[in-house]
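Treat the numbers as computed from the prediction; the structure is a model and nothing was measured.
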Amino acid sequence: MRTPVVMTLGMVLTPCGLLLNLTGTLTPGWRLVKGFLNQPVDVVLYQGLWDMCREQSSRERECGQPDELGYFAAEPVHVARGLMVTSLAATALGLLLASLGVRCWQDEPHFALAGLSGLVLFTSGLFSLIPVSWYNHFLDDRAVLPAPASPVTVQVGYSLVLGYLGSCLLLLGGLSLALSFAPWCEERCRRCRKASPRCPRRSSVSTVQVDWPEPALPPAIKYYSGGQHQPRPAELGAARKPRAGFPMPRLPPKAYANPADVLHGERAADSGGASLRSSGTCRGSLPCDSDL
């Protein structure tokens, strides 16, 4: 059996989202701070969840900068640390379940396990999207995320963009894998219909049975005899009912009567003798047996 498209799409998008989230979590690029007073114009401070780096065009990047304003003590940073690590762990668990559910090395995938992995991956995408969105909401708020006063400006860093992309890929991949529940639910419903005594089906509008009256069917040909309709065998008892009234008198059948005596010639021939029979003559007006 070929691997379903939803499983293939989920297995492609999920590792990409994991890689982007891992990069965004570890790199110090959630916020860019520049425009410091009494410092070169090209000095840029990169702030992340775990470290801060100072970069200048004439020098290499220097990480491990001191936190003088209490940036790492801010609430969005603490929440982002916990949720991003939780998202990475949930993503790894979801990928493990997806690998066991898809089972490309076997003929039949495990649809229920693949759908469960999709739910786990979708949840991990939410875990990473929440801190990224919250951090971006308070990006310019110096009371929540400490930063030097004006004319210092703050901008969105590349790690925040990677977090957004990784979260979206995890949501899409998890949703695609969660669609694997459809074949599993279909198979389970088929089994439930086969075992109807165990799982009685609830009646709905589409399954209401209406007892429509049966139409009167014409009698079959075998119930006709002598040109007259004969009742069905089941109706013989009902058909044999006493008739009301009196019988009508029936006239005797009429027959045709010939007024002429057709046997007159025969009697004349018998009285004439044997000579008349041999000659073959007949004196009667009607034909005799010898003529026939």
So which residues get pulled into V5's cluster when ILVMFWY side chains under 4.5 Å apart are joined, directly or through others?
none
L119: side chain to side chain contact (heavy atoms under 4.5 Å, CB included) partners, not counting sequence neighbours
A178, F181
Given the rule in the side-chain contact (heavy atoms from CB on, under 4.5 Å) test, do T25 and W50 qualify, once you have shown the distances and angles that lead to the verdict?
CA-CA 8 Å; T25 302; W50 314 96; 3.8 Å; yes
Sequence neighbours left out, what pairs pass disulfide bond (SG atoms under 2.5 Å apart) with at least one residue falling in residues 127-163?
none
With sequence neighbours excluded, tell me which residues meet salt bridge (Lys or Arg N to Asp or Glu O under 4.0 Å) with E55.
R61
To which residues is L26 joined in a hydrophobic cluster, defined by side-chain heavy-atom contacts under 4.5 Å among Ile, Leu, Val, Met, Phe, Trp and Tyr, whether direct or through other members?
L18, L22, L88, L95
According to the ring pair (Phe, Tyr, Trp, His ring centres under 6.0 Å) rule, which pairs have a member within residues 65-89, sequence neighbours left out?
none
Non-neighbouring partners of T91 that pass side-chain hydrogen bond (donor to acceptor under 3.5 Å, both in side chains), sequence neighbours left out
S124
Among pairs that include at least one residue of residues 122-142, which meet salt bridge (charged side-chain N to carboxylate O under 4.0 Å, His left out), considering only residues two or more places apart or in two chains?
none
Can you list every pair that meets ring pair (Phe, Tyr, Trp, His ring centres under 6.0 Å) and has a residue in residues 6-49, with sequence neighbours left out?
W30-Y135
Provide the full list of disulfide bond (SG atoms under 2.5 Å apart) pairs with a residue in residues 145-183, sequence neighbours left out, each pair given once.
none
Output every pair passing ring pair (Phe, Tyr, Trp, His ring centres under 6.0 Å) with a member in residues 142-176, not counting sequence neighbours, ordered by first then second residue.
none
Atom CD of Q39: over 12 foreign heavy atoms under 6.0 Å
yes
Only pairs at least two apart or in different chains count here, so list each disulfide bond (SG atoms under 2.5 Å apart) that has a residue in residues 35-96.
C53-C63
Pair S87, L170 - check side-chain contact (heavy atoms from CB on, under 4.5 Å), show working.
CA-CA 10 Å; S87 175; L170 286 178; 4.2 Å; yes
